[in-house]
2 protein chains.
Amino acid sequence: MRSASRDDLNARARIRDAALTRFGKDGFGVSVRAIAEEAGVSPGLVIHHFGSKDKLRAVCDEHVRQVITDTKTASVVSHDPQGFLHTMSRYEEYAGVLGYIIRSIQSGGELGRHLFEMMVVDAEGYLARGVEEGTIRPSREPEKRARWLAANSIGSILVLISTSRPDAEIDFQRVLRDWQREYMLPALEMFTEGLLTERTMLDAYLLYLGDPPEESH
Amino acid sequence: MRSASRDDLNARARIRDAALTRFGKDGFGVSVRAIAEEAGVSPGLVIHHFGSKDKLRAVCDEHVRQVITDTKTASVVSHDPQGFLHTMSRYEEYAGVLGYIIRSIQSGGELGRHLFEMMVVDAEGYLARGVEEGTIRPSREPEKRARWLAANSIGSILVLISTSRPDAEIDFQRVLRDWQREYMLPALEMFTEGLLTERTMLDAYLLYLGDPPEESH
DNA sequence: CAATACATTAAACGACCGTTTAGTCCGCTG
DNA sequence: CAGCGGACTAAACGGTCGTTTAATGTATTG
């Protein structure tokens with residue numbers, strides 16, 4: 001029976017981890033053969049253990065979900081406005097998971113959508129707390145603001161990856177460090193000082209929405 | 001000699017346009033056979049006219065470059081802070097080009113980098129003009145701010161596409177309309193009113209950079 | 001020890017890919 | 001009209017892909 005669970009897990013888990021890192025580094029188009037090679041096994045064994053490439057990806061998705069809920073890194077917009085994945089990026093051990101997450105969002109899978117929604121509700125909670133405490137300005141549409149901030153954070157990272165040197169080995173930790181070095185200042189500037197000196201555009205848009213600005217004149 | 005230029009262009013151009021739309025809709029992994037079918041020709045003819053799939057893509061890249069410089073839609077962050085491609089999205093005829101551009105940025109090709117850099121310098125110019133006119137607040141790092149704004153604009157669109165319903169026929173005009181409907185208000189709010197009520201974070205970061213805030217106390 | 005179960009592999013299968021080949025058709029030239 | 005060149009196609013080639021098959025080794029079980 002399921003005695004030598006060490007061997008069992010070692011085989012399956014090694015393939016799963018190999019899939020995780022290669023999916024993360026090369027995208028989901030990577031071949032089963034490449035994953036097998038990374039794990040040091042034959043391509044056939046990959047299918048034997050997981051049934052198909054799609055099911056292997058599903059197992060990876062579930063594994064990442066689990067890691068995230070376990071480590072509570074769901075608190076992902078975290079307690080500074082510097083981005084979203086930086087919390088996780090501090091821990092070397094999650095480097096592989098990090099790449100997989102970004103690929104998932106980039107490729108528009110089920111997991112990607114799920115993670116994005118998690119980040120949105122997380123950001124929403126964090127922003128609401130800040131508004132209560134008086135450190136963050138209230139918004140007319142708090143949920144949309146949270147969604148916009150999350151989309152901007154992740155999106156700017158995606159662009160940074162896409163526009164960085166060819167493809168050759170993307171180091172996600174380095175990407176996040178670059179993001180911080182490049183964008184931290186303008187982001188903080190924008191968040192504390194704003195961009196526009198006049199409120200004519202906002203007021204005009206609010207009027208357009210049928211929500212006239214400050215009727216109290 | 002090169003007499004019947006109408007036939008020549010019709011054949012080649014039909015394949016090029018078919019490639020443009022299919023590359024845009026399905027990504028650059030789409031098969032030569034699918035492109036040939038869309039153009040109503042045989043797969044062999046595609047290679048006959050363009051030499052290889054990669055060269056076909058290069059021709060598409062060049063074509064898009066040309067369209068952009070022709071229509072001056074390089075002015076792409078345009079004269080409101082609502083995004084970047086909205087200018088172009090108004091013209092039905094550029095729908096195909098629009099999808100191709102977004103795919104290019106998403107996939108990190110040469111053209112994508114080039115377009116992003118164009119948007120950055122464009123945004124920089126627009127922001128500088130605004131600062132001169134007094135409508136836009138000055139920045140300590142104008143180039144980085146422009147880059148950050150451009151990355152956020154494009155990036156949030158990429159995320160919107162990735163997290164929208166499965167894949168089934170992405171309508172980029174619709175995506176841009178959705179972007180505006182969803183994010184216009186929080187973006188304008190942020191741009192005119194900021195996010196934070198205190199400047200402690202910014203000041204702390206400036207201090208960290210060795211650029212102490214407001215020495216004039 | 002014989003039997004069973006399963007991890008594991010090498011090899012092959014069939015599908016699809018980009019591309020090549022060999023040929024047909026057709027309009028132009030001389 | 002003969003001949004030539006290029007647009008165009010059907011078919012095939014070689015490669016890679018995900019997956020299947022058949023076989024081997026090995027450890028556990030009765």
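Throughout, protein chains are lettered first and strands after them, A, B, ... in sequence-line order, and every chain is numbered starting at 1.
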Check: Between Ile15(B) and Arg33(B), who's closer to the 5' end of DNA chain D by nearest nucleotide?
Finding: Ile15(B)
Next item on the list: Go through dG18(D), dT9(C), dG18(C) for me and flag the one nearest to the Ser31(A) side chain.
Entry: dG18(D)
Check: Can you find a heavy atom in the side chain of Leu115(A) that is under 4.5 Å from one in the side chain of Ile68(A)?
Finding: yes
Margin query: Assuming nearest nucleotide by heavy-atom distance, tell me which of Val41(A) and Lys53(B) is located more 5' along DNA chain C.
Written below: Val41(A)
Check: Does a side-chain N-to-carboxylate-O contact under 4.0 Å join Arg33(B) and Glu38(B)?
Finding: no
Next item on the list: Let me know the distance between CG of Asp26(A) and P of dT16(D), rounded to the nearest Å.
Entry: 16 Å
Margin query: Measuring from the side chain of Leu45(B) (C-beta onward, heavy atoms only), which nucleotide among dA7(C), dT9(D), dT20(D) has the closest atom?
Written below: dT9(D)
Check: Is there a donor-acceptor pair under 3.5 Å between the side chain of Ser139(A) and the backbone N or O of Glu141(A)?
Finding: yes
Checklist line | Heavy-atom side-chain contact between Arg145(A) and Met190(B) under 4.5 Å | finding: no
Next item on the list: Describe, as an angle rounded to 10 degrees, how the axis at the first end of the helix from dC1(C)-dG30(D) to dG30(C)-dC1(D) is tilted relative to the axis at the last end, five pairs per end.
Entry: 20°
Next item on the list: To the nearest Å, give me how far apart CZ (Arg14(A)) and C1' (dT8(C)) are.
Entry: 11 Å
Check: Reckon Val30(B) touches a base, only the sugar-phosphate, or nothing at all at heavy-atom distances under 4.0 Å?
Finding: sugar-phosphate
Next item on the list: Kindly confirm or rule out a cation-pi arrangement of Arg22(A) over Tyr100(A), judged by NZ or CZ under 6.0 Å from the six-membered ring centre and within 45° of its axis?
Entry: no
Item checked: Interatomic distance, Asn10(B) CG vs dG27(C) C1' [rounded to whole Å] -> 16 Å
Notebook entry, point to check: Which nucleotide sits closest to the side chain of Ser52(B): dC8(D), dT19(D), dT19(C)?
Noted result: dT19(C)
Next item on the list: Using a cut-off of strictly less than 4.0 Å, decide whether His48(A) has a side-chain nitrogen or oxygen near OP1 or OP2 of dT8(C).
Entry: no
Item checked: Length of the CD1-P vector between Ile47(A) and dT9(C), whole Å -> 13 Å
Check: Between His49(B) and dG6(D), is there a side-chain N or O to OP1/OP2 distance below 4.0 Å?
Finding: no
Note to self: Can you see whether Ser156(A) engages Trp179(A) through a side-chain donor-acceptor pair at a distance of less than 3.5 angstrom?
What the structure shows: yes
Check: Of all the choices, dA10(C), dT19(C), dT19(D), which nucleotide is nearest to the side chain of Ser42(A) once you look at every atom?
Finding: dA10(C)
Check: For atom CD of Glu37(A), is the number of surrounding heavy atoms from other residues, nucleotides or ligands below 6.0 Å larger than 12?
Finding: no
Next item on the list: Nearest whole angstrom, please: distance from the C1' of dT8(C) to the CZ of Arg12(A).
Entry: 15 Å
